[in-house]
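The structure appears right after this line, and notes come after that.
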Amino acid sequence: SQQGEEDPQALSIQEGENATMNCSYKTSINNLQWYRQNSGRGLVHLILIRSNEREKHSGRLRVTLDTSKKSSSLLITASRAADTASYFCATDGPGYALNFGKGTSLLVTP
Amino acid sequence: DGGITQSPKYLFRKEGQNVTLSCEQNLNHDAMYWYRQDPGQGLRLIYYSQIVNDFQKGDIAEGYSVSREKKESFPLTVTSAQKNPTAFYLCASTIRGRNTEAFFGQGTRLTVV
């Protein structure tokens, strides 16, 4: 069951610009996580925000969570070509598994 | 270095064959997972195991089987009953409990020839 859904599906920006991607989910959560995937590779954890938090920062990443709207956003500031990847949000699944959305494909051009 | 190792990186299967994908972790994690990734469909959960000798079906378990005889190993067998096995398979692990990050292997790309 894929609970999270990212928007947009694809995003193309130039280096130095900010990239914002959104995630909507359907049921209540304990936490929401964001992951990054380079083409043909495994996923890498970026940030986790708990249900009682509204905003969290990590380096150039800023994540917000609005549990009343069941939505989250990931902002990457001052994007670099190396940020080109797919980004996924993940919410609680069965056991301790995660439910992933379909992802946002980000392209950062020099 | 601690991490998750998946092998092989690429695997080719003939119609009607069973194949086994390996997943090993040295993170001392109790929980392990298998996901399937198809283009445009994100990750879908196949099986998960929260503890040795126990595992549960995920959303798309049909045509797959697993075992968890050792804490560090969680192999996935793609059986001939899986009608469309061509996909990218990802193994992950976590410590037990909520609010923990998942660690992923580098994936195995399976192609039916």
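- A donor-acceptor pair under 3.5 Å is absent between the side-chain atoms of A/T64 and the main chain of A/E55, judged by distance alone.
- Looking at B/T100, only its backbone comes within 4.5 Å of chain A, counting heavy atoms on both sides.
- Of the atoms belonging to B/Q37, it is side-chain heavy atoms, and not backbone ones, that fall under 4.5 Å from chain A.
- Remark: A/K69 pairs with A/D66, A/S71 by the side-chain contact (heavy atoms from CB on, under 4.5 Å) rule, at least two apart or across chains.
- Neither the backbone nor the side chain of B/Q56 comes within contact range of chain A; no heavy atoms are under 4.5 Å apart.
- Inspection of the A/Y25 and A/S72 side chains reveals no N or O donor paired with an N or O acceptor under 3.5 Å.
- Proximity to chain A (any heavy atom under 4.5 Å) is restricted, for B/Y35, to the side chain, taken from C-beta onward.
- Only the side chain of A/Q37 comes within contact range of chain B, with heavy atoms under 4.5 Å apart.
- B/S22 pairs by the side-chain contact (heavy atoms from CB on, under 4.5 Å) definition with B/S7, B/E24, not counting sequence neighbours.
- Remark: B/R109 qualifies as a cation-pi partner of B/F88 under the 6.0 Å distance and 45° angle criteria applied to the six-membered ring.
- Note on A/G103, A/S105, A/A97, A/A90: by heavy-atom pairs under 4.5 Å with chain B, the leading option is A/A97.
- For A/L48, the part lying near chain B is the side chain, with the backbone staying farther off; criterion is any non-hydrogen pair under 4.5 Å.
- For chain B, the nearby parts of A/Y96 are the backbone and the side chain; heavy atoms of each come within less than 4.5 Å.
- The closest side-chain donor-acceptor pair between B/T86 and B/T111, if any, does not fall under 3.5 angstrom.
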